[in-house]
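All remarks here apply to the structure that follows.
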2 protein chains.
Amino acid sequence: MVARDGSCLIRKISHYLDLTEDEKRLLARLEETSRKLRRDEILIEEDGELREMFVVSEGWLYTYTHTLDGRRQVFEVHFPGDIVGASQAPFERIGYGVAAATEAIVCPFPKRSLNAIFSRSPALTALFYAFAVLDHATILDRLRATGRMGAAERVLLVLLQCLARLRITDPDRQDGLDMPLRQELIGDMVGLSNISVSHALKELAQAGLIERDARHFSFPDLQRAQTQIDFSDRYYAIDTSWFPRQWEIA
Amino acid sequence: MVARDGSCLIRKISHYLDLTEDEKRLLARLEETSRKLRRDEILIEEDGELREMFVVSEGWLYTYTHTLDGRRQVFEVHFPGDIVGASQAPFERIGYGVAAATEAIVCPFPKRSLNAIFSRSPALTALFYAFAVLDHATILDRLRATGRMGAAERVLLVLLQCLARLRITDPDRQDGLDMPLRQELIGDMVGLSNISVSHALKELAQAGLIERDARHFSFPDLQRAQTQIDFSDRYYAIDTSWFPRQWEIA
DNA sequence: CGAACGCTTGAGAGGCATCAAGAAACGTGG
DNA sequence: CCACGTTTCTTGATGCCTCTCAAGCGTTCG
């Protein structure tokens with residue numbers, strides 16, 4: 001059981017919304033049990049059924065699929081506070097695999113717990129919807145980069161997206177991050193080989209857009225890096241003013 | 001005013017859900033006014049605000065964005081019965097442009113009309129959520145193709161996605177479609193130039209995967225075409241069994 | 001019928017993939 | 001704390017795929 005104060009889920013949500021006690025209870029119920037994952041351990045098989053969903057408590061996970069000829073595409077990276085499977089709730093079969101990018105701890109919960117939230121908290125329903133839209137926008141940005149940008153720009157996008165997402169649950173964070181993702185995985189996010197990623201990182205460093213020290217990446221001029229690829233931080237501000245606080249009865 | 005019986009929106013939704021009279025009324029309200037669009041006319045500017053949303057009544061639209069160096073990425077194609085802007089509801093700024101791919105008729109409605117639906121019909125809320133997830137899956141499929149597949153396979157995906165979507169509102173449709181999209185636009189959906197699209201279509205025809213007659217495309221062996229790129233029709237069946245029919249009050 | 005538009009075809013260039021080998025980092029066990 | 005094996009990253013050589021540029025062809029519509 002994860003201590004309620006330490007919950008990344010509640011921390012992430014509180015960044016956008018003042019929670020009622022009832023809502024906190026509903027959310028805490030999602031993190032009652034936990035499971036440890038080794039690095040590279042598969043949490044959901046690619047062709048598996050989706051019986052339960054997971055709150056990410058520690059570590060990074062990723063959603064992926066393979067093509068027929070064995071190449072891999074990585075769709076999303078899941079950070080602490082994310083709910084894995086939320087965007088597949090309407091379907092029995094997910095069609096994508098989920099695995100641990102680092103050692104990780106996840107909290108499994110049954111689908112119906114999410115239903116309980118959907119039917120009791122309009123504000124959380126709206127927020128989860130907003131999260132889904134944000135994740136969607138992240139994918140669109142990556143599609144644009146994959147389809148229409150060069151290798152260096154694509155890699156830079158991945159780095160900036162990770163940083164932007166980490167800042168939600170860790171607002172004091174400076175302009176740097178420890179990147180636990182292998183270069184091969186970064187490449188699989190934007191349609192590149194591991195070799196091109198290595199090359200792109202070298203290029204970005206030479207251009208002064210990033211600085212590297214082992215696993216640690218920092219941005220000497222974050223503004224310039226963002227401008228370079230027309231990046232916008234979609235996570236930071238959500239317009240919550242339209243959120244309903246309670247249902248109307250027809 | 002579009003006749004209620006002729007509404008593509010209601011036809012699309014009825015494919016998944018039995019609507020109550022109240023729900024039909026709520027939906028009909030979205031199509032009270034209409035506006036005609038010329039081909040290539042811009043409906044929403046790329047940097048514009050999102051004040052209203054639109055039901056597509058006739059014709060095809062598309063959502064797009066540009067990169068700094070002037071290249072274009074097309075994200076979604078909107079068919080009759082779709083709601084343009086639904087997936088951007090939570091945000092003031094959309095960041096993407098919307099334009100008409102063919103002559104088209106759209107029905108504008110204010111954001112708050114959608115809110116009225118969200119707060120009064122749990123089933124429609126769930127369905128719109130499911131639609132958003134489907135659109136998301138469509139994008140993921142295209143990201144996978146763009147990142148990890150060759151030109152011919154990417155173009156084939158676009159064709160199959162269009163066919164699958166058209167079948168929702170037109171179940172009698174055979175294995176063919178009239179494709180009004182320019183090759184340049186098809187290319188912009190999967191990161192190709194118009195020239196590569198032309199080349200890919202020739203290749204697909206030679207491989208016997210498609211047949212062409214001017215604008216009309218057909219699939220002599222749809223099954224084989226789908227297997228070729230590991231395509232799955234995500235639109236056809238949605239699991240609606242979990243949809244709530246009314247809200248619980250906390 | 002003519003002009004505009006979109007599609008096709010060809011030639012050459014560039015970017016990224018693949019293959020291969022070496023270097024660095026990491027982890028494990030002594 | 002060091003030695004060794006494994007994993008990950010880097011660097012180089014070669015080839016293929018898709019891009020760009022350019023010209024010709026076909027269709028459509030005024």
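Each chain gets a letter, A, B and so on, in the order its sequence line appears, and its residues count up from 1. Note that these values count all heavy atoms, side chains included, but never hydrogens, waters or copies made by symmetry.
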Open item on the list: For the helix from C:dC1-D:dG30 to C:dG30-D:dC1, what angle separates the axis at the start from the axis at the finish, each from five pairs, in steps of 10°?
Closed with: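 The angle separating the two end axes equals 50°.
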- [ ] Check every strand shown and say whether A:G191 touches a base, only sugar-phosphate, or nothing at a heavy-atom separation below 4.0 Å.
- [x]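 Result for A:G191 = sugar-phosphate.
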TODO: Report which part of the nucleic acid A:L192 touches: base, sugar-phosphate, or nothing (heavy-atom distance under 4.0 Å, all strands).
DONE: sugar-phosphate
So which nucleotide from [options] ends up closest to the side chain of [X]?
X	options	answer
B:R39	C:dG6, C:dC16, C:dC7	C:dG6
B:A151	C:dA17, D:dT18, C:dG6	D:dT18
B:S196	D:dT8, D:dC19, C:dA17	D:dC19

Open item on the list: Taking CD in A:E41 as the centre, count heavy atoms belonging to other residues, nucleotides or ligands within less than 6.0 Å. Is the count above 12?
Closed with: yes
Open item on the list: With a sphere of 6.0 Å drawn around CG of A:D213, does it hold more than 12 non-hydrogen atoms of other residues, nucleotides or ligands?
Closed with: no
Task: ring-ring contact (aromatic ring centres under 6.0 Å, His included) against A:Y96, all qualifying residues, sequence neighbours excluded - done: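 ring-ring contact (aromatic ring centres under 6.0 Å, His included) check on A:Y96 returns A:F75.
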Are any of [X]'s side-chain N or O atoms less than 4.0 Å away from OP1 or OP2 of [N]?
X	N	value
B:R148	D:dC17	no
B:R215	C:dG6	no
A:R212	C:dA25	no
A:S193	C:dA17	yes
B:K202	C:dT8	no

Task: Protein-nucleotide distance (B:N194, atom CG; D:dC19, atom P), rounded to Å - done: 9 Å
Task: d(NE2, A:H199; P, D:dT10) in whole Å - done: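 Rounded to the whole Å, the gap is 12 Å.
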TODO: Answer yes or no: is there a donor N or O on one side and an acceptor on the other, between the side chain of B:R154 and the main chain of B:G147, under 3.5 Å?
DONE: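 Absent.
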Open item on the list: Looking at B:L134, is its backbone amide N or carbonyl O close enough to the side chain of B:T138 to form a donor-acceptor pair, meaning the two atoms are under 3.5 Å apart?
Closed with: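 Looks like yes, one N/O pair under 3.5 Å.
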Task: Whichever of B:I195 and A:R71 has its nearest DNA chain C nucleotide further upstream toward 5' - done: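 Taking each residue's closest nucleotide, the earlier one in sequence belongs to B:I195.
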Task: Shortest non-hydrogen contact between A:D188 and A:Q73, atoms and distance - done: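 Reported closest heavy-atom pair: O-NE2, 3.0 Å.
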Open item on the list: Between B:A214 and B:M149, which residue's closest nucleotide on DNA chain D lies nearer the 5′ terminus?
Closed with: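 Counting from the 5' end, the first nearest nucleotide belongs to B:M149.
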Task: B:R167 vs B:D175, salt bridge (Lys or Arg N to Asp or Glu O under 4.0 Å): CA-CA, chis, key distance, verdict - done: CA-CA 10 Å; B:R167 281 185 160 178; B:D175 297 344; 2.4 Å; yes
